[in-house]
Amino acid sequence: MDIHEYQAKEVLSDFGVEIPRGGLAYSPEQAVYRANEIGGEKWVVKAQIHSGGRGKAGGIKVCATDDEIWNAADELLGRRLITHQTGSRGRVVHRLYVEEATEIAKEYYIGFVLDRQMERVAIVASSEGGVEIEDIAVQKPETIIRMAVEPAVGMQPFQAREIAFKLGIDKSLLSQSVTTLLGCYRAFRDLDATMVEINPLVVTVNGHLIALDAKMSFDDNALFRRGNIAELRDKSQEDSREMKAADRGLNYVGLDGNIGCIINGAGLAMATMDIIKLHGGEPANFLDIGGGASPDRVAKAFNLVLSDERVQTVLVNIFAGINRCDWVAEGIVQAVSKIDMKIPLVVRLAGTNVEEGRRILKESGLPMIMADTLKEVAQRAVEAWKKHIGKR
């Protein structure tokens, strides 16, 4: 789960990280009020969406007057902001963060992520702040500092000092650097985060170390014990298909293709998507219905896939072990019999109770294309899709 910049800043502030003064606004009038409340001569109006690259997309405006603030807020609110991370759909701006402008002397990058290979929290830092870490890795890889945290003891002050020294942060800011780095680590550890990023972490002209922008992501599986974090969720920033799936206990990731997939098992789902592409098609989603799926669960998965208007063919690929082919077949019949199916349906069943499952599908009289192998189901789905769009 991702949260907004202003929320990440508030969270990190509770752990000792210094942030600029700012306030949330939902209208141009409120944005002007926030700026007057903050005081000063310049302000920054920031679109709040779950994406990086907002500045390049026009989502961050520096303003010096009330009129400029009002116009910037009016332009941003309700706008669909498209960045390199949002894809072509973009994300709609529903809220703004108005912040005091900061005079910057130097920018740094700080990131805390979970390194699954090392099974450690990994710290990534660079003296080239204000740039996406992917760009830094390509353009100036020598500036990247990496360090792992031993989970038995946690991050130690000497590690924070070592990072500060390697970044070249002035000795006068050493104490604040240690507080900032340890605060980020504690927030990561104590709140079940999967990522904490400050980019840029800036040294101001008056000698303060401030988190000018921040991102945090959290482990969805731990939200049950982090009620205060779960409340920060903004569903308007999430893929509506993924949100609907999560609410129904399904593992779903929306993609940009036209062949909707209903599959059991993450490995089989990945293999199926690969072979769809191999045969010239594009999967519309990753959907793992899991083991032991009941007919009702299969029907929910079916309705979820069909709710995507871009889906022009549905592929069902089940290799039943814990699951049962007859359950899946009953779910397919339950779902398809209630709708006017106007797109091709390709089904492959294998494994436990496969003969019974095939019998249920055959006797249902519903229009569908049957397949026996992984290659065959993908091939027939792509052929059915091409024929369908040819008719249209």
Side-chain angles (χ1 to χ4, degrees), residues 1-14 17-86 89-104 107-111 129-133 135 180 184 195-204 208-217 232-238:
M1 184 191 84
D2 296 326
I3 61 176
H4 289 292
E5 171 201 355
Y6 77 93
Q7 294 169 326
K9 284 181 173 177
E10 290 173 358
V11 170
L12 292 176
S13 178
D14 291 338
V17 178
E18 188 172 350
I19 62 173
R21 291 179 299 161
L24 198 61
Y26 293 93
S27 68
E29 293 80 8
Q30 197 172 18
V32 172
Y33 176 80
R34 290 299 185 202
N36 292 330
E37 191 176 48
I38 294 165
E41 298 179 350
K42 283 189 177 181
W43 304 269
V44 183
V45 179
K46 298 182 174 183
Q48 295 299 290
I49 61 169
H50 290 172
S51 174
R54 292 170 298 161
K56 293 179 181 178
I60 298 176
K61 309 284 187 182
V62 179
C63 306
T65 66
D66 288 356
D67 285 343
E68 288 181 6
I69 294 168
W70 199 99
N71 291 332
D74 185 53
E75 178 188 342
L76 289 173
L77 285 169
R79 175 178 167 185
R80 187 174 292 277
L81 212 60
I82 299 174
T83 75
H84 66 284
Q85 292 183 3
T86 64
R89 284 187 172 189
R91 292 216 167 94
V92 179
V93 180
H94 296 294
R95 61 187 86 179
L96 303 171
Y97 191 55
V98 182
E99 189 174 75
E100 63 181 345
T102 302
E103 293 187 69
I104 301 170
E107 298 181 332
Y108 302 95
Y109 173 91
I110 298 291
V131 181
E132 296 292 333
I133 189 63
D135 295 334
T180 299
C184 288
M195 192 256 310
V196 174
E197 181 182 85
I198 299 178
N199 187 26
L201 175 69
V202 304
V203 176
T204 66
H208 286 269
L209 196 65
I210 292 178
L212 204 59
D213 194 1
K215 293 180 188 175
M216 292 188 74
S217 298
L232 301 179
R233 188 168 206 160
D234 182 0
K235 291 187 175 181
S236 71
Q237 293 295 307
E238 299 179 17

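Given the structure is predicted, the values throughout are model-derived calculations rather than measurements.
Between Leu201 and Val17 there is no side-chain heavy-atom pair separated by less than 4.5 Å. Between Val203 and Tyr108 there is a side-chain heavy-atom pair separated by less than 4.5 Å. A 4.5 Å side-chain heavy-atom check between Leu209 and Glu18 finds every atom pair outside the cut-off. For the pair Ile104/Leu212, a side-chain contact is recorded, criterion being any heavy-atom separation below 4.5 Å from C-beta on. A 4.5 Å side-chain heavy-atom check between Lys56 and His84 finds every atom pair outside the cut-off. The side-chain heavy atoms of Arg91 and Leu81, taken from C-beta on, include no pair separated by under 4.5 Å.
Shown here are the salt bridge (Lys or Arg N to Asp or Glu O under 4.0 Å) partners of Glu100, two or more places apart in sequence or in another chain: Arg21. The side-chain hydrogen bond (donor to acceptor under 3.5 Å, both in side chains) test applied to Lys61 returns Glu75, not counting sequence neighbours. Residues satisfying the side-chain hydrogen bond (donor to acceptor under 3.5 Å, both in side chains) test with Arg95, not counting sequence neighbours, are Tyr6, Asp234. Listed by chain and number, the residues in a side-chain hydrogen bond (donor to acceptor under 3.5 Å, both in side chains) with Thr102 amount to none (sequence neighbours excluded). Remark: His94 engages Val92, Ser236, Gln237 in a side-chain contact (heavy atoms from CB on, under 4.5 Å) (not counting sequence neighbours). Taking the side-chain contact (heavy atoms from CB on, under 4.5 Å) definition, one finds that Ile60 meets it with Val44, Lys46, Arg54, sequence neighbours left out. Judged as a salt bridge (Lys or Arg N to Asp or Glu O under 4.0 Å), and not counting sequence neighbours, the contacts of Glu197 are Lys215. Under the rule for a side-chain hydrogen bond (donor to acceptor under 3.5 Å, both in side chains), the partners of Glu37 that lie at least two apart in sequence or sit in another chain are Arg34. Among residues two or more places apart in sequence or in another chain, the side-chain contact (heavy atoms from CB on, under 4.5 Å) test is passed with Ala31 by Ala25, Ile69, Ala73, Val98. With sequence neighbours excluded, the residues satisfying side-chain contact (heavy atoms from CB on, under 4.5 Å) with Ser217 are Asp2, Thr194, Met195.
Of all the heavy atoms in Ser13 and Ile19, the pair that sits closest is CB-CD1, 3.9 Å. Closest non-hydrogen pair, Glu107 versus Gly130, comes out as OE1-CA, 3.8 Å. Contact between Ala47 and Leu76 at its shortest, heavy atoms only, is N-CD1, 4.3 Å. For the pair Lys9 and Pro20, the tightest heavy-atom approach, listed with the atom from each and the gap, is NZ-CD, 4.3 Å. The nearest pair of heavy atoms linking Gly58 to Arg79 is O-NH1, 3.5 Å. Among all heavy-atom pairs drawn from Thr83 and Ala57, the shortest one is CG2-CB, 3.8 Å.
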| request: Please report the C-alpha distance between Val196 and Leu12 in whole Å, then the side-chain angles of each, then the deciding distance to 0.1 Å, and finally whether the side chain to side chain contact (heavy atoms under 4.5 Å, CB included) criterion is met. | output: CA-CA 9 Å; Val196 174; Leu12 292 176; 4.0 Å; yes
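Residues in residues 62-81 take part in no ring-ring contact (aromatic ring centres under 6.0 Å, His included) pair, two or more places apart or across chains. Under the ring-ring contact (aromatic ring centres under 6.0 Å, His included) criterion, no residue pair touches residues 25-49, with sequence neighbours excluded.
Remark: of the listed residues Gln85, Glu5, His4, His4 is the sole one forming a side-chain contact (heavy atoms from CB on, under 4.5 Å) with His50.
Tyr109 OH to Asp135 CG: the interatomic distance, rounded to the nearest 0.5 Å, is 11.5 Å. For the atom pair CD1 of Ile198 and CD1 of Ile210, the computed distance is 11.5 Å after rounding to the nearest 0.5 Å. Separating the CE atom in Met216 from the CE atom in Met1 is a distance of 9.5 Å, to the nearest 0.5 Å. Atoms CG and CG, on Leu96 and Leu24 in that order, are 8.0 Å from each other to the nearest 0.5 Å.
In this structure, a donor-acceptor pair under 3.5 Å is absent between the side chains of Ser51 and Thr86.
Judged by distance alone, the side chain of Gln7 and the main-chain N or O of Leu232 form a donor-acceptor pair under 3.5 Å.
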